[in-house]
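A short worksheet on the structure shown next.
In what follows, every chain begins at residue 1, and chains take the letters A, B, ... in the order their sequences are listed.
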Amino acid sequence: MSAATLSVSGLSTHIDSENGLVRALDCVSFEVHAGETFALLGESGCGKSVTALSLMRLLPPGGCVAGGSVMLDGRDLCALTETEMRQVRGAGMAMIFQEPGTSLNPVLTVGQQIGEVLALHRGLKGAAADGEAVALMTQVGIPDPQRRLREYPFQFSGGMKQRVMIAMALAGEPRLLIADEPTTALDVTIQAQVLDVMAALQRARGMAMILITHDLGVVAKMADRVGVMYAGHLIEEAPRGRFFAAPAHPYSRKLFEALPEGHRERGVLATIPGSVPPLTAHFTGCRFAPRCDRAWERCRAEAPQWHALEGGQRVRCHLHDPAESMRAAVQPASRSAAVSPARATEEILLGVRDMKVHFPITSGVFRRVVGHVKAVDGVSLDIGAGRTLALVGESGCGKTTVGKAILRLIEPSGGSARLGDKDIGSLSGSALRATRASMQMIFQDPFGSLNPRLRVIEIIEEGMNALGVSGSDAERRERVVQIMEQVGLRPELAERYPHEFSGGQRQRIAIARALAVSPRLIVCDEPTSALDVSVQAQILNLLQELQARLGVAYLFITHNIAVVEYLAHEVAVMYLGRIVEQGSVAEVLGNPQHPYTRALLAAVPRANADAGAGADAVLVKGDLPSPANPPAGCHFHPRCPLATETCRQEYPQARAVDGTHVVSCHLAG
Amino acid sequence: MNGFQVVVLWSDALLALLLLACGAGIAAALRREHLRRAWRAVFANRSAMAALVVLLAYLLVAILDSFHFRPALERQAAASAAPAQYSVEVLSLLDVALARMRTTREDSYSAPFATHAFRKRMIEMPDGTQQRDYPRLQFGGAQLADPAADRGADIARRGLGGAAAGLALWAFMAGALAVFVARGRREPVRRTLGAILGGNTEVAWGAFGWMLLLVLCAGGALFALSGGYHVLGTDATGNDVLYQTFKAMRIALLIGTLATFVVLPLGIGLGLAAGYFGGWVDDLIQYVYTVISSIPYVLLIAAASLMMQLVIEQHAEVFDTAAARADARLVALCVIIGAISWTTLCRLLRAETLKLRETDYVQAARCFGVSGVRIMLRHILPNAFHIVLITLVLEFSGLVLAEAVLSYVGVGVDPTTTSFGTMINNARGELAQDPVIWWSITAAFVFMVALVLAANLFADAVREAFDPRAAALPRRRRVPRESAA
């Protein structure tokens with residue numbers, strides 16, 4: 001094998017913080033070869049991004065590389081001066097960041113920003129630079145590059161911005177590309193497009209690439225080799241095939257088991273108890289030992305060494321020490337019994353008919369209405385008591401607006417919603433307040449949904465106070481304790497403030513707040529998308545268990561198909577303010593009829609080893625159109641590979657396929 | 001002196017109320033963990049603690065100057081049965097403490113530490129002849145037999161004596177502080193004292209202590225010297241300039257703080273309402289503050305305060321003393337300044353509310369049917385309170401300066417009240433004279449700058465501690481590089 005493009009050995013990074021010295025990286029060693037993709041995998045707080053920043057020497061204030069070496073093409077980067085390092089950044093290695101919205105300067109045109117890199121690293125100016133920029137933009141798949149070169153970042157969609165970022169990163173012709181969660185902020189359909197562009201470019205240029213991600217599906221699609229990080233350590237390294245066939249470290253195995261995909265039997269997901277330890281601590285044994293179900297005394301007393309396995313796999317775990325071969329043979333039972341299915345009733349709890357939410361677009365001094373953004377345009381759905389309906393769609397399709405309009409957080413402009421025997425739309429004042437106890441909401445971001453100035457007990461009590469539930473202080477206090485136990489929080493934490501909790505615990509607090517008023521319907525707005533896989537599993541288990549125990553119905557808003565498979569009974573797929581396909585999970589996911597549903601399902605990266613091979617499935621082109629000016633006819637026709645003349649002319653009526661399966665497509669059936 | 005009548009002026013009552021509110025605010029802050037943490041960061045800041053000493057010194061003077069009374073007049077023997085008559089002059093505790101400065105009035109200008117008047121005058125010699133010369137001052141250096149020879153030594157002796165007294169007082173206070181801190185730290189007093197003076201305590205007591213030493217020594221020396229001299233000279237009517245500066249401190253502090261009484265409810269109430277309700281409420285409030293802030297503020301205040309003046313003069317019978325009338329004008333000025341300075345706070349709060357209104361926890365509260373007012377008070381205001389605090393401490397110095405400008409233009413405080421503004425206004429003519437009379441404006445300048453500078457330094461520390469964006473940037477510290485593994 002040729003010499004590695006990048007060779008990292010014993011890299012340690014320390015960051016000085018108010019809570020003490022954070023050992024963000026501790027003796028991390030790996031190599032990346034030309035033309036190879038090395039994926040760094042792990043939960044947040046494990047040191048993936050710090051690795052990237054250490055390689056670029058772009059650490060935050062207070063951070064420094066405390067030891068080890070980084071060799072790029074035989075040059076030791078740690079020994080370079082800052083001036084020399086600036087030459088390496090961009091030309092030697094380049095980086096793509098997670099958030100395309102904030103990594104581009106909004107006041108410079110895209111051409112100027114790409115041109116800056118070209119001028120710095122390749123000395124290209126004027127027409128030569130423009131020509132090269134156009135070539136780069138063509139390579140990353142931006143249509144009409146001549147014109148778009150003169151445009152500003154706000155004129156680009158998220159996926160297009162990320163393509164521009166990639167073009168900028170490639171402008172310096174780097175030997176190594178570091179991509180830090182490059183598609184986490186994008187929708188699945190766009191993510192699939194961007195990943196394809198990256199893979200094609202890497203093949204064409206023979207670049208080395210480090211892909212930082214928490215998504216096993218992305219790893220399966222992109223990586224050649226995988227490195228798993230935990231608490232500042234690299235704990236396992238393996239070629240993709242080996243890794244997906246036989247993950248060696250207990251942590252890697254747990255990551256797989258915690259994935260909800262493909263578990264339609266609605267069993268209990270495996271979770272990893274606890275959370276990643278703070279890196280200010282001093283470790284004696286294995287860092288994962290406190291959360292590992294296979295740990296024994298040796299794990300707590302002695303830090304494990306690297307053990308090489310067959311096929312280029314190596315792992316840092318005592319289980320794979322040849323001296324411990326007895327233990328490795330014993331595999332614990334991975335999955336516990338399924339919970340009893342929720343009470344299936346025919347009673348319709350929530351009935352939404354033809355709901356519309358139109359936001360007026362105004363202009364001029366007198367705020368004249370010149371048009372409407374049709375965020376929700378005639379949505380009808382039913383949720384039975386104790387059932388879960390998943391509302392799926394790309395961001396911007398109006399699914400959150402539907403949830404908020406049902407709760408009257410946004411006033412709907414048309415249609416009706418009935419909860420039980422009450423028409424929510426016609427209620428007002430005290431009647432509306434009384435109904436609010438029956439429907440609650442859980443939000444996406446557990447860090448933004450709790451008031452940082454209130455203690456946990458005040459947060460949970462708020463609903464009871466506002467709705468006048470139960471009388472005396474003691475009773476109320478008792479109820480809070482009961483609810484906290486129900487969601488798996490220790491009651492003595494009630495006096496703490498939210499910032500003392502981890503993301504998963506905060507989401508439990510948010511669930512407790514909603515449960516405190518005994519609702520019959522909870523609107524869950526992407527409640528797990530901000531959480532790590534293992535924590536997501538905990539929350540999904542909790543939601544599942546609460547439904548079985550309390551018979552609460554969920555309207556589950558999500559873009560994560562795997563979660564839908566696991567949790568939902570029925571699915572509704574939304575596109576541009578309208579539901580295009582609806583039915584039971586088995587009907588819709590097993591036999592998708594609408595081209596959009598099919599594309600959505602095809603775009604989801606699957607966490608198995610042969611995912612890379614099947615990448616040539618139908619991908620949807622382009623971006624979501626603006627809901628202010630939806631395309632005539634079927635809204636999906638500009639992106640649909642099967643569109644006919646009829647699709648361009650008239651919007652398809654909903655038609656039943658079989659059973660409860662309904663689809664709005666001219667070509668279906 | 002035989003008896004007195006307590007006089008409570010409006011501004012005294014308001015200042016007392018303000019101090020009580022501050023006390024309640026501090027008590028509330030101590031209960032809230034995030035506020036306690038932020039204030040700890042303020043008190044760990046050395047320049048903030050040094051500035052705090054200066055602010056407390058000003059506050060002490062202002063408080064002393066806020067206990068007013070009317071001394072009883074000497075009674076005639078024949079009228080001893082009649083009810084006591086009280087002087088029309090209203091005095092304060094500060095006037096009593098500085099009685100020597102207040103009562104030693106010269107004829108006209110005299111330079112700092114002068115023993116002779118500033119201008120020549122015809123004086124009658126002991127032998128009956130008349131001569132044009134600098135006359136001896138009535139009080140300044142009157143104790144000296146031979147001013148030319150003895151003055152230097154006398155000044156040094158008094159100054160050092162005063163400073164020594166200040167030092168002694170400081171030693172006592174530092175000891176008390178050390179005992180207090182040592183109890184909190186549970187360690188020997190001696191070690192705590194070392195830590196304090198070396199600046200090794202969590203709260204920056206070191207900076208506090210050293211600044212206190214400076215203030216006490218300077219204060220002691222000034223006090224001792226003022227017994228024999230006019231330390232900062234006298235003005236046109238022979239009043240001691242140092243005494244005037246002390247009196248001006250209360251006015252400056254009052255304007256700076258009382259105006260906030262008016263600013264707070266207006267700024268917070270309207271800012272939250274505009275941001276939370278939006279729609280026509282927002283439009284209306286925005287129009288109002290845009291209109292107010294587009295009129296030059298001197299013009300607006302001049303108009304309002306001239307009207308107030310007229311009202312006060314037409315109802316002269318309501319005020320039994322000149323001091324009460326001057327005080328009414330001061331309070332009116334505070335209200336007027338406050339009524340037009342709420343726009344900054346309102347604008348900032350509106351913007352923050354617009355942001356907070358969309359947060360998930362406000363949405364969750366709306367889900368529970370919590371009322372709008374309650375959401376504003378419970379969810380929005382506590383999360384926007386850093387803005388209120390930062391704006392207030394930053395505006396304080398602006399208000400002090402505004403008073404100076406307004407009094408200079410002649411629409412500020414009553415001409416009988418001494419403020420930094422009136423002192424500067426008077427200095428207009430003095431600076432045009434030859435030789436120039438520099439001490440009056442210098443005194444006003446130095447004491448006003450000291451106050452504003454201290455307030456700004458403190459405000460800076462408060463902003464740094466409370467501003468969430470400032471907290472996001474960790475302070476740069478050197479990290480020792482460990483040997484490679």
Original post:
Looking only at heavy atoms, what is the nearest atom pair of C367(B) and M441(A), with distance?
Top reply: SG-CB, 3.9 Å
Original post:
Do you know which of M439(A), Q444(A), H499(A), R513(A) has the most heavy-atom pairs with chain B at a distance under 4.5 angstrom?
Top reply: R513(A)
Original post:
Roughly how far, to the nearest 0.5 Å, is CD1 of I410(A) from CD of Q363(B)?
Top reply: 7.5 Å
**OP:** Not counting sequence neighbours, list each pair that qualifies as a salt bridge (charged side-chain N to carboxylate O under 4.0 Å, His left out) and has a residue in residues 357-385 of chain B.
**Re:** E462(A)-R378(B)
Original post:
Relative to chain B, which of R408(A), E458(A), R455(A), R453(A) shows the most heavy atom pairs under 4.5 Å?
Top reply: R453(A)
**OP:** Might you confirm whether atom CD of E82(A) has over 12 heavy atoms from other residues, nucleotides or ligands at distances under 6.0 Å?
**Re:** yes
Original post:
Should the heavy atoms of other residues, nucleotides or ligands under 6.0 Å from CZ of R36(B) be counted, would the total exceed 12?
Top reply: yes
**OP:** Identify which part of L407(A) has an atom lying under 4.5 Å from any heavy atom of chain B, answering side chain, backbone, both or neither.
**Re:** side chain
**OP:** Assess whether side chain to side chain contact (heavy atoms under 4.5 Å, CB included) is satisfied between F368(B) and Q440(A), documenting all intermediate values.
**Re:** CA-CA 8 Å; F368(B) 287 123; Q440(A) 279 303 311; 3.4 Å; yes
**OP:** Inspect the surroundings of CZ in F447(A) and state if more than 12 heavy atoms from other residues, nucleotides or ligands are less than 6.0 Å away.
**Re:** yes
**OP:** Flag yes if more than 12 heavy atoms outside E202(B) fall under 6.0 Å of its CD atom; otherwise flag no.
**Re:** no
Original post:
So, for G448(A) and T359(B), which heavy atoms are closest and what is the spacing to 0.1 Å?
Top reply: O-CB, 4.3 Å
**OP:** Side chain from CB out, backbone as N, CA, C, O: work out which of these in R433(A) comes under 4.5 Å of a heavy atom of chain B, or both, or neither.
**Re:** side chain
